[in-house]
Amino acid sequence: MRGCTTSNQISCGLDFGTSNSVISLTDKATCKEIFSYSANSILYFPEGNDFDCFVGKEAQEKYVEEGMRGRLLKSVKTLLRQDNFLYTWIGGRKVTPDQLVTYIISHLKAKAEEFCGKEITEVVLGRPAVFSEDPQKEKIAVDRLLLAARNAGFRDITLQLEPIAAAFAYESTLDHPQNVLVADFGGGTSDFTIIHLSPEKVGLSNREEDILGHDGVYIGGDLFDSEIMWHKITPHLGRGVMYKDYNKEVAIPTTLFWDLRNWEKSFLLKNSKNRRMMDKFYVFSGNNARIDNVRRLIDHNYVYSLFKIIEQAKIELSKQPESEINFDKLAVEIHDTFRYEEFEEMITKHMSDIERCILQLLHTVGYDASQIDSVFLTGGSSLALPVQKLLGSIFGEGKIQQGNTFNSVAQGLSLSGGEK
């Protein structure tokens, strides 16, 4: 089905996210969304020098299909602000952070153009409230993002803050003016905006006077998963195991397990000094089965599969008091009950940081919680129960509104692409 006849009749919004990316098309005349497409922000480069690249669900399927060989990359967005990360080697070639992002943006753009039947050259591109508190890293991140969009074929690019875009999506549902805190909880960051919204202003692009303030922290779903891996899973992989060092017993160094906290870095362990040290500790610990677990996990590239189990257990805790972590591959067996109270304790510090950020934002704009009419939640991590409990405790549970978890930002970006 072709959704539009000419590209100038639509506005395009693109939300490039840490975990998930979405493109949205809105009819300028009606301010109604006519198309959206989402994909996990994951890239897979198979082994060999053909330099094929797969994106999203297809990337995950190909990775598993080919025996978890090659390079699977996740959280590419976090590379944008890393000024010391200039490139990575893939298939014998240097690939820069902006080139990695281009693969994902190009994939989304192609899907939207397939729907329209025409090239799309204009886009409102989302960006977090804060890429980095370091001005130099902030500029590098923005420049890389813009370069990636241009390389994907967009020629007219407007940047918009992601939480403000989510506000525009929420505004389209209102029947009276409100002061709204928009809370966008993504995979890598949590962004907050206080904005005055009104149904009479839906589709207007110049809204600077309505934006009262915004702020953010580098806390999101990926960090929550990392905490679960560290606190709940690494003890099953040998963290805390004792080994004999001459005449005394000492614990295996925790540094051996640091790279397991982020699965996208775990491939570095395979031929590393730390991996060789694990063989030594396996012997000196009396062939401890938990150390054998981590050796098999690394050697057979099962870290990604384990993180998928962790993520699913975390999601289940949004609906029930406990979940089960069950992982069984090639004699690596991990079975444990995961309780909500454990999860809440693991992320206590991060929730405190989020609370401080929100309270500081309220102070900066001169508001107290009672002056916020509603709190609009979006982003995958907004479903986490500790997040909802925190915001309910600050503003009152009756004010919490849940948006389209993955699509609100992209829809808002496309809504801001043209005035009525």
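- G70 approaches E47 most closely through the heavy-atom pair N-CG, 3.4 Å.
- Contact check for F224 versus M346: no side-chain heavy atoms found under the 4.5 Å cut-off.
- Between the side chains of T348 and E345, no donor N or O sits under 3.5 Å from an acceptor N or O.
- Between T26 and I34, the closest side-chain pair of non-hydrogen atoms is not below 4.5 Å.
- Heavy atoms only, all atoms of each residue included: S374 and Q401 are closest at CB-CG, 4.2 Å.
- For the atom pair CD1 (I347) and NZ (K349), the distance works out to 12.5 Å, reported to the nearest 0.5 Å.
- Remark: D353 CG to I219 CD1 distance equals 4.5 Å, nearest 0.5 Å.
- Each salt bridge (Lys or Arg N to Asp or Glu O under 4.0 Å) pair with one or both residues in residues 152-167, not counting sequence neighbours, appears once here: K77-E162, E119-R155.
- Put simply, the side chain of S414 never gets that close to the backbone of G13: no donor and acceptor are under 3.5 Å apart.
- Under the 3.5 Å distance criterion, with hydrogens and angles disregarded, no donor-acceptor pair is assigned to the side chains of T18 and S75.
- Within the 4.5 Å cutoff, no side-chain heavy atoms of D15 are placed close to those of N20.
- One distance of note links CD of Q99 with NZ of K94; it measures 11.5 Å at 0.5 Å rounding.
- For the ring pair (Phe, Tyr, Trp, His ring centres under 6.0 Å) condition, the pairs that include at least one residue of residues 90-113, sequence neighbours left out, are Y37-H107, F45-Y103.
- Every residue meeting the side-chain contact (heavy atoms from CB on, under 4.5 Å) condition with E133, not counting sequence neighbours, appears here in chain and number order: V130, Y218.
- Here K389 pairs with E344 under the salt bridge (charged side-chain N to carboxylate O under 4.0 Å, His left out) rule; sequence neighbours left out.
- Checked against salt bridge (charged side-chain N to carboxylate O under 4.0 Å, His left out), E316 has no partners two or more places apart in sequence or in another chain.
- Under 3.5 Å, the side chains of Y170 and T378 contain no donor-acceptor pair of N or O atoms.
- Pairs passing the salt bridge (Lys or Arg N to Asp or Glu O under 4.0 Å) check and including a residue from residues 365-377, sequence neighbours excluded, do not occur.
- Of all the heavy atoms in I334 and I233, the pair that sits closest is CD1-CG2, 4.1 Å.
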- Task: Dump the intermediate steps for side-chain contact (heavy atoms from CB on, under 4.5 Å) on K109 and F154, then the final yes or no.
- Result: CA-CA 9 Å; K109 184 173 182 285; F154 288 115; 3.6 Å; yes
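- Sorted by first and then second residue, the pairs that involve residues 298-315 and meet salt bridge (Lys or Arg N to Asp or Glu O under 4.0 Å), not counting sequence neighbours, are D225-K314, R275-D299, K308-E311.
- One finds the CD atom of Q320 at 11.5 Å from the CG atom of L385 (value rounded to the nearest 0.5 Å).
- With respect to the salt-bridge test (charged N to carboxylate O, under 4.0 angstrom), the residues E138 and R127 qualify.
- Side-chain atoms of S198 and L174, non-hydrogen and from C-beta on, never get closer than 4.5 Å to each other.
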Fill in: Working for side-chain contact (heavy atoms from CB on, under 4.5 Å), residues L100 and I90
CA-CA 11 Å; L100 293 172; I90 299 177; 4.2 Å; yes
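- Taking both residues in full, the closest heavy atoms of P128 and L161 are given as O-CD2, 3.6 Å, listed atom of the first, atom of the second, then distance.
- Screening F185, F395, F376 against F192 for a ring pair (Phe, Tyr, Trp, His ring centres under 6.0 Å) leaves a single residue, F185.
- Put simply, the side chain of R71 does not reach to within 4.5 Å of the side chain of Y44, judged on heavy atoms.
- Remark: K232 engages D336, E342 in a salt bridge (charged side-chain N to carboxylate O under 4.0 Å, His left out) (not counting sequence neighbours).
- The two atoms that bring A169 and L415 nearest to each other are CA-CD1, 4.0 Å, heavy atoms only.
- Atoms CG and OG1, from D191 and T193 in turn, are 7.0 Å apart once rounded to the nearest 0.5 Å.
- Side-chain atoms of L146 and I157, non-hydrogen and from C-beta on, do get closer than 4.5 Å to each other.
- Between the side chains of S132 and D134, no donor-acceptor pair of N or O atoms lies under 3.5 Å.
- Interatomic distance, R290 CZ to D292 CG, rounded to the nearest 0.5 Å: 12.5 Å.
- The cationic atom of R296 (NZ for Lys, CZ for Arg) does not lie both less than 6.0 Å from the six-membered ring centre of Y302 and within 45° of the ring axis.
- Residues E397 and Q388 bring no donor and acceptor atom of their side chains to less than 3.5 Å of each other.
- For the salt bridge (charged side-chain N to carboxylate O under 4.0 Å, His left out) test, no residue two or more places apart in sequence or in another chain qualifies with K329.
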message = Checking S272 against N274 for the side chain to side chain donor-acceptor pair (under 3.5 Å) test, could you report, in this order, the C-alpha distance in whole Å, the side-chain angles of both residues, the deciding distance, and whether it holds?
response = CA-CA 5 Å; S272 68; N274 281 349; 5.2 Å; no
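- Under the side-chain contact (heavy atoms from CB on, under 4.5 Å) test applied with I252, the options V241, N288, V294 reduce to a single match, V241.
- Panel note: side chain K137, backbone L80; no donor-acceptor pair is recorded below 3.5 Å.
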Verdict with supporting geometry, N179 and I194, side-chain contact (heavy atoms from CB on, under 4.5 Å):
CA-CA 7 Å; N179 293 322; I194 296 177; 5.5 Å; no
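- Panel note: side chain R69, backbone E66; a donor-acceptor pair is recorded below 3.5 Å.
- In this structure, R239 forms a cation-pi arrangement with W230, its terminal cationic atom sitting closer than 6.0 Å to the ring centre and no more than 45° off the ring axis.
- A salt bridge is defined here as a Lys NZ or Arg NE, NH1 or NH2 lying under 4.0 Å from an Asp or Glu carboxylate O, and R276 with D279 fails to meet this definition.
- Side-chain contact annotation: H350 with E227, donor-acceptor N/O pair under 3.5 Å present.
- In this structure the side chain of S19 reaches within 4.5 angstrom of the side chain of D222, judged on heavy atoms.
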What donor-acceptor contacts under 3.5 angstrom involve side-chain atoms of residues 53-63, with partners at least two apart or in another chain?
| residue | atom | partner | partner atom | Å |
| --- | --- | --- | --- | --- |
| Q60 | OE1 | Y304 | OH | 2.6 |
| Q60 | NE2 | N40 | OD1 | 2.8 |

Apply side-chain contact (heavy atoms from CB on, under 4.5 Å) to the pair M229 and N262, showing each step before the final yes or no.
CA-CA 9 Å; M229 168 59 94; N262 302 287; over 6 Å; no
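- Contacts of A112 classified as side-chain contact (heavy atoms from CB on, under 4.5 Å), with partners at least two apart in sequence or in another chain: I23, L25, F35, I120.
- Checked by atom type, the side-chain pair S24/E33 shows a donor-acceptor distance below 3.5 Å.
- Here the closest non-hydrogen pair linking V217 and C357 is CG1-CB, 3.7 Å.
- The stretch residues 240-261 participates, sequence neighbours left out, in no salt bridge (Lys or Arg N to Asp or Glu O under 4.0 Å) pair at all.
- Using a 4.5 Å heavy-atom threshold, the side chains of V182 and I195 count as touching.
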